Amino acid sequence: MDFFENLNFDVVNKKLEGLRASEKSRSNDDPITLQIDCELYDFSLEEKSMTIAFPLIKKELNPNGTMMGGVTCTALDMTYGILVYCLMPEGGVIPPTITLTTNFINPVFYGDTLLVTAKIESWGKRVINMTAVGKSKNTGKTIVTSTSTYVSNLSFAPKISKP
């Protein structure tokens with residue numbers, strides 16, 4: 001059976017929950033990916049995209065009362081990584097980020113939720129190219145745009161030497 005045949009919102013959400021449980025089990029200290037509150041908001045296999053909702057919490061705010069830029073970048077990187085992870089068959093490795101370009105457009109304030117939608121533009125043997133847009137759930141304004149490149153998990157495939 002083809003892996004993608006049964007991939008839908010509920011399956012992706014269970015993969016995300018499993019990933020978070022695995023992260024929690026590795027250490028007594030929660031990694032940053034568990035300290036940032038998030039949940040699956042939308043998923044489209046056809047568009048190879050997903051949206052993760054990040055409700056702002058007080059510890060993520062800068063002195064101006066808006067989401068810190070570094071936390072915004074973390075939300076982008078998490079969304080990219082979760083998208084790649086959820087589109088891989090079971091047992092895959094989340095590949096490392098090579099580049100992450102971020103354009104801050106508007107601030108997002110406490111009490112709002114940042115909706116980050118990431119989309120795979122191309123998935124080759126060596127790299128995965130993606131784009132993302134973060135929007136305010138309350139106002140619909142664009143908060144951030146981004147591009148990212150990841151090492152392709154296909155480059156982790158075992159090499160078979162010729163006799």
Side-chain angles (χ1 to χ4, degrees), residues 2-4 6-57 59-60 67-105 108 112-137 142-158:
D2 183 28
F3 169 74
F4 294 110
N6 294 318
L7 198 58
N8 59 39
F9 184 91
D10 291 331
V11 171
V12 167
N13 202 34
K14 284 181 183 163
K15 281 188 82 165
L16 176 57
E17 289 170 4
L19 177 62
R20 292 174 71 85
S22 171
E23 288 176 328
K24 187 149 186 81
S25 72
R26 290 185 288 149
S27 170
N28 290 335
D29 296 323
D30 284 347
I32 191 70
T33 55
L34 295 177
Q35 293 179 38
I36 294 177
D37 189 19
C38 72
E39 66 180 28
L40 183 63
Y41 188 81
D42 193 19
F43 171 75
S44 171
L45 179 58
E46 297 78 27
E47 295 182 21
K48 296 184 188 110
S49 70
M50 74 168 28
T51 302
I52 303 288
F54 295 89
L56 272 70
I57 55 178
K59 69 179 176 180
E60 299 170 346
M67 185 181 239
M68 291 181 63
V71 176
T72 304
C73 290
T74 301
L76 289 163
D77 199 28
M78 284 175 60
T79 305
Y80 286 130
I82 292 167
L83 176 58
V84 170
Y85 175 79
C86 288
L87 289 177
M88 291 187 305
E90 295 301 321
V93 176
I94 297 177
T97 308
I98 299 171
T99 65
L100 178 67
T101 303
T102 307
N103 305 296
F104 297 97
I105 312 297
V108 61
D112 201 347
T113 298
L114 179 65
L115 299 175
V116 177
T117 302
K119 180 179 181 182
I120 293 177
E121 300 296 339
S122 65
W123 193 322
K125 289 182 180 179
R126 297 198 182 264
V127 297
I128 304 166
N129 293 298
M130 295 174 277
T131 57
V133 175
K135 293 190 175 195
S136 161
K137 185 175 181 184
T142 298
I143 304 302
V144 64
T145 61
S146 174
T147 59
S148 185
T149 305
Y150 274 49
V151 172
S152 176
N153 63 324
L154 299 176
S155 67
F156 292 103

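Just so you know, these numbers use all the heavy atoms, side chains as well, and skip hydrogens, waters and symmetry mates. Throughout, residue positions are numbered sequentially from 1 according to the sequence presented. All values reported here derive from a predicted model rather than from experimental measurement.
Between L76 and the choices V144, T101, L114, the side-chain contact (heavy atoms from CB on, under 4.5 Å) rule is met once, by V144. Each of I82, L87, D42, V116 was checked for a side-chain contact (heavy atoms from CB on, under 4.5 Å) with M50, and the lone residue meeting it is I82.
Between Y80 and S146, the shortest heavy-atom contact is OH-OG, 2.9 Å. Closest approach of A75 and F54 over heavy atoms only: O-CZ, 3.5 Å. Minimum interatomic distance between L56 and V108 (heavy atoms only, all atoms of both residues): CD2-O, 3.5 Å. Shown here for I143 and K135, the closest heavy-atom pair between the two residues is CG1-C, 3.9 Å. Summarising the geometry of S152 relative to G124, their closest heavy-atom pair is OG-O, 2.6 Å, with the distance given to 0.1 Å. Here the closest heavy-atom approach between residue N8 and residue F43 is recorded as C-CD2, 4.0 Å.
Side chains of T147 and T131: a donor-acceptor N/O pair is absent below 3.5 angstrom, by distance only. No side-chain donor-acceptor contact under 3.5 Å links T117 and Y41.
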Discussion item. E60 vs M67, test: side chain to side chain contact (heavy atoms under 4.5 Å, CB included). Steps then yes/no.
Written reply: CA-CA 6 Å; E60 299 170 346; M67 185 181 239; 3.8 Å; yes
Practice prompt. Report the C-alpha distance between V127 and V151 in whole Å, list the side-chain angles of each, state the deciding distance to 0.1 Å, and finish with yes or no for side chain to side chain contact (heavy atoms under 4.5 Å, CB included).
Written response: CA-CA 5 Å; V127 297; V151 172; over 6 Å; no
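Open room surrounds CD on E39; 12 or fewer heavy atoms of other groups in view lie less than 6.0 Å from it.
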